[in-house]
Amino acid sequence: MINDLLCNEKCNIRQALAQIDRNEKGVVFIVDDNDMLNGVVTDGDIRRALLDNATLETTLGVIKKDDFVYAPISANKNTILQLLNNDIKIIPLVNEKMQVVDYSENKRLSRLPIAEPCLNGKELDYVVDAVSSTWISSTGKYILEFEDKFAKYCGVQYGVATSNGTTALHLALVTLGIGPGDEVIVPDITFAATINAVLYTGATPVIVDIEEESWCIDPAEIEKALSPRTKAIIPVHIYGQPCDMESIMKIAHDNNLYVIEDCAEAHGAEYKGKKVGSFGDIACFSFFGNKVITTGEGGMCITDNEEYARQMKLYRDHGMSKERKYYHEVIGFNYRMTNIQAAIGVAQLEKIDEILKNRQKLEDLYREKLKDVKGIFLQKNDIPNRKKITWLVTVYASTVDMKVQCFKYMNQENIDIRPFFVPLSQMEIYKKYTFSNTISCKIAELGFNLPTTYRMYESDVMRVVNILNNTL
Ligand SMILES: *Cc1c(COP(=O)(O)O)cnc(C)c1O
């Protein structure tokens, strides 16, 4: 994106206008052949130059002003704020070689959110198309396209789009016949929707501990928690990290259990070169606004089993017979996604590789900058066979006190950080289902998420890292 703000001094006004049109910032930073900053041209400067006899072919070197404002990348927030005003709304940030590596503007100095959806692809075009077609409920071409393409992306045959990730989980459980008297094993660290979906069915959740390394459900604990009533396991690929699917599938196979993968935080992650979501009987995804790709609200069940796919569609669509209108075969639900949401989903899916790559780059930057910060550790990313993706960049402090201090200072600096999920076993309403929770409680106390949004640049990462550094 920083490239959208740069123009070589030999470019002409026409090219600069095209660049301004792209970056939507009203400005280009002028660089020489060695990429060194040597001027700034605003759309106002161009307007004045044109009125003053310049043409679209005039080169920028002729019209650029030499007195321009910039700051070193290491400059702190207050220094930059003093440079910004009503006339100068955006300034380039340079490295020691005077090359532009980033920029700063008031908007970016203000609040840094934990996550933001990235909607700069075809989302709006497809939504307009869906609305123009008048197919705005749950029939329409985008639904089928999104289901098909997302399932294929995961290496699975069938997709069943749902209203959100929670309904996807419930739909999967109902379809597999899970109900009262059954036990379903879930990890202690997850978003509450995982256990809630089990409780909706009347089955009994069994909460087990996580692995210290991966923070995912521990297969050894699953084995210990098995009972004659165990019917299913819901491994959750937490914070983008794949579970140990080989061990989990073996336990499931040996004990005749269903596996429902909760992939809400791990779109595109891989275990032994296969995408998560392609291991279990059914896998569930969420497309909430803070997930890797979003449809606003939305979810999907994917499966290779044609019969499960058919059943899930039946339950999702009021249990109504496909052959006989208003004849209901089962007590179903209305868990459908709208064509408008699916339109956003199709556009998001077109860019999923790019989105994941950008998230990865951001995490890499955090890793590099945090490597010398004592007392802060990042989530592991080098566990053999597991290729995690970046959902939220997740770290842990060495002591609880450090974590508390980090929250205090981040808050003062208007930076949105989030604590780890509260272990299910620590909540009044769930704790009676606990089987084991030693490691989960230890990790959750120390862990937190750092801002992970596509609009972050090196300076934003440095802002966060500097605060962590100063705090510790
Ligand atoms: C987000 C999330 C869900 C629920 O998804 P919704 O679309 O918000 O209903 C379920 N499980 C996990 C692990 C999640 O992170």
Side-chain angles (χ1 to χ4, degrees), residues 114-119 121 149-156 159 165 168 187 189-191 193-194 210-211 213-217 234-246 248 261-280 283-295 298-300 302 345 347-368 370 377-396 418 420-421 447-456 461:
I114 188 84
E116 291 166 288
C118 176
L119 301 167
K149 288 191 171 156
F150 188 76
K152 297 278 149 52
Y153 170 79
C154 299
V156 170
I189 298 290
T190 182
F191 181 64
T194 315
I210 57 170
E211 298 174 318
E213 268 212 322
S214 72
W215 308 341
C216 294
I217 193 165
I234 309 185
V236 180
H237 307 295
I238 198 82
Y239 297 122
Q241 183 86 272
C243 297
D244 176 357
M245 288 316 293
E246 194 164 86
I248 293 168
E261 295 179 69
D262 183 339
C263 308
E265 304 174 4
H267 315 58
E270 290 175 14
Y271 177 84
K272 288 200 166 175
K274 264 182 75 184
K275 290 235 162 58
V276 299
S278 63
F279 295 89
C284 303
F285 286 83
S286 164
F287 305 114
F288 185 65
N290 68 4
K291 309 288 168 145
V292 169
I293 61 168
T294 183
T295 59
M300 198 181 298
I302 61 172
Q348 287 270 289
L349 191 56
E350 286 173 358
K351 297 194 2 177
I352 191 165
D353 291 333
E354 185 188 328
I355 290 172
L356 285 171
K357 207 165 80 201
N358 288 338
R359 285 175 174 272
Q360 184 64 54
K361 274 211 284 225
L362 185 62
E363 180 175 336
D364 292 345
L365 197 58
Y366 268 120
R367 274 184 198 279
E368 185 196 318
L370 279 170
F377 307 92
L378 275 121
Q379 181 184 17
K380 271 189 96 70
N381 67 342
D382 55 358
I383 304 176
N385 300 324
R386 307 197 208 187
K387 192 166 151 224
K388 80 179 265 298
I389 53 106
T390 306
W391 176 45
L392 296 178
V393 172
T394 307
V395 298
Y396 61 101
R418 295 287 163 90
F420 235 64
F421 291 123
F448 55 101
N449 307 119
L450 299 177
T452 312
T453 121
Y454 72 102
R455 280 200 289 193
M456 287 178 73
V461 174

Engineer: OH of Y153 to CG of D353: how many Å apart, nearest 0.5 Å?
Structural biologist: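 Going from the OH atom of Y153 to the CG atom of D353 covers 5.5 Å.
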
Engineer: Kindly write out the residues that satisfy salt bridge (Lys or Arg N to Asp or Glu O under 4.0 Å) with K152, not counting sequence neighbours, or none if the list is empty.
Structural biologist: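 K152: salt bridge (Lys or Arg N to Asp or Glu O under 4.0 Å) contacts with D148.
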
Engineer: Under the rule for side-chain hydrogen bond (donor to acceptor under 3.5 Å, both in side chains), what residues qualify as partners of K357, not counting sequence neighbours?
Structural biologist: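 With sequence neighbours excluded, K357 shows a side-chain hydrogen bond (donor to acceptor under 3.5 Å, both in side chains) to no residue whatsoever.
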
Engineer: Tell me every residue that passes side-chain contact (heavy atoms from CB on, under 4.5 Å) with E270, counting only those two or more places apart in sequence or in another chain.
Structural biologist: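 Only K275, K387 meet the side-chain contact (heavy atoms from CB on, under 4.5 Å) criterion with E270.
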
Engineer: For T394, give me all partners under side-chain hydrogen bond (donor to acceptor under 3.5 Å, both in side chains), at least two apart in sequence or on another chain.
Structural biologist: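 With neighbours one apart ignored, the set is N449.
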
Engineer: Can you sort out the partners of E354 under salt bridge (Lys or Arg N to Asp or Glu O under 4.0 Å), two or more places apart, ordered by chain and number?
Structural biologist: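 Salt bridge (Lys or Arg N to Asp or Glu O under 4.0 Å) check on E354 returns nothing, list empty.
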
Engineer: Using atom types as modelled and distance alone, determine if a side-chain donor or acceptor of Q241 lies under 3.5 Å from a backbone N or O of K380.
Structural biologist: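 Here the side-chain-to-backbone pair exists.
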
Engineer: Going by side-chain hydrogen bond (donor to acceptor under 3.5 Å, both in side chains), name the residues that satisfy it together with Y366, two or more places apart in sequence or in a different chain.
Structural biologist: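 Y366 satisfies side-chain hydrogen bond (donor to acceptor under 3.5 Å, both in side chains) with no other residue.
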
Engineer: Give the ring-plane orientation class for H267 versus F287, where under 30° counts as parallel, over 60° as perpendicular and anything between as tilted.
Structural biologist: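 Geometry flag for F287 against H267: tilted rings.
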
Engineer: Quick one: does D244's side chain get under 4.5 Å of R386's, heavy atoms only?
Structural biologist: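 Counting from C-beta outward, D244 and R386 do come under 4.5 Å.
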
Engineer: Applying salt bridge (Lys or Arg N to Asp or Glu O under 4.0 Å), name anything that partners E368, two or more places apart in sequence or on another chain.
Structural biologist: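 Partners of E368 under the salt bridge (Lys or Arg N to Asp or Glu O under 4.0 Å) test: none.
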
Engineer: Rounded to the nearest 0.5 Å, how far does CD of Q348 lie from OG1 of T295?
Structural biologist: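 It comes to 8.5 Å.
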
Engineer: Can you measure from CG (L365) to CG (L370) and round to the nearest 0.5 angstrom?
Structural biologist: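 L365 CG to L370 CG: 9.5 Å, rounded to 0.5 Å.
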
Engineer: Among F191, W215, Y396, exactly one meets ring pair (Phe, Tyr, Trp, His ring centres under 6.0 Å) together with F420. Which residue is that?
Structural biologist: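 Of the listed options, the one satisfying the test is W215.
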
Engineer: For A283, check side-chain contact (heavy atoms from CB on, under 4.5 Å) against everything at least two apart and list the hits.
Structural biologist: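 In terms of side-chain contact (heavy atoms from CB on, under 4.5 Å), with neighbours along the sequence ignored, A283 is linked to E261, C263, F285, I302.
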
Engineer: In this structure, are over 12 heavy atoms from other groups packed under 6.0 Å from K351 atom NZ?
Structural biologist: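 Enclosed.
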
Engineer: E116: which residues meet the salt bridge (Lys or Arg N to Asp or Glu O under 4.0 Å) condition with it, sequence neighbours left out?
Structural biologist: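 Listed in chain order: R455.
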
Engineer: What's the verdict on side-chain contact (heavy atoms from CB on, under 4.5 Å) for M245 and K274, showing C-alpha distance, side-chain angles and the deciding distance?
Structural biologist: CA-CA 10 Å; M245 288 316 293; K274 264 182 75 184; over 6 Å; no

Engineer: Donor-acceptor check, side chain of S278 to backbone of V156, threshold 3.5 angstrom: yes or no?
Structural biologist: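 Checked: no pair found.
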
Engineer: With sequence neighbours excluded, what pairs up with N290 under the side-chain contact (heavy atoms from CB on, under 4.5 Å) test?
Structural biologist: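 N290: side-chain contact (heavy atoms from CB on, under 4.5 Å) contacts with A115, F288, W391.
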
Engineer: How would you list, by chain and number, every residue that makes a side-chain hydrogen bond (donor to acceptor under 3.5 Å, both in side chains) with T194, sequence neighbours excluded?
Structural biologist: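 Applying side-chain hydrogen bond (donor to acceptor under 3.5 Å, both in side chains) to T194 gives T190, D262.
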
Engineer: Check E363 with R367, please: is the shortest side-chain N to carboxylate O separation under 4.0 Å?
Structural biologist: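 A salt bridge is present here (some side-chain N lies under 4.0 Å from a carboxylate O).
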
Engineer: Restricting to side-chain contact (heavy atoms from CB on, under 4.5 Å), what partner residues turn up for D364, sequence neighbours left out?
Structural biologist: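 For D364 the side-chain contact (heavy atoms from CB on, under 4.5 Å) partners, ignoring immediate neighbours, are Q360.
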
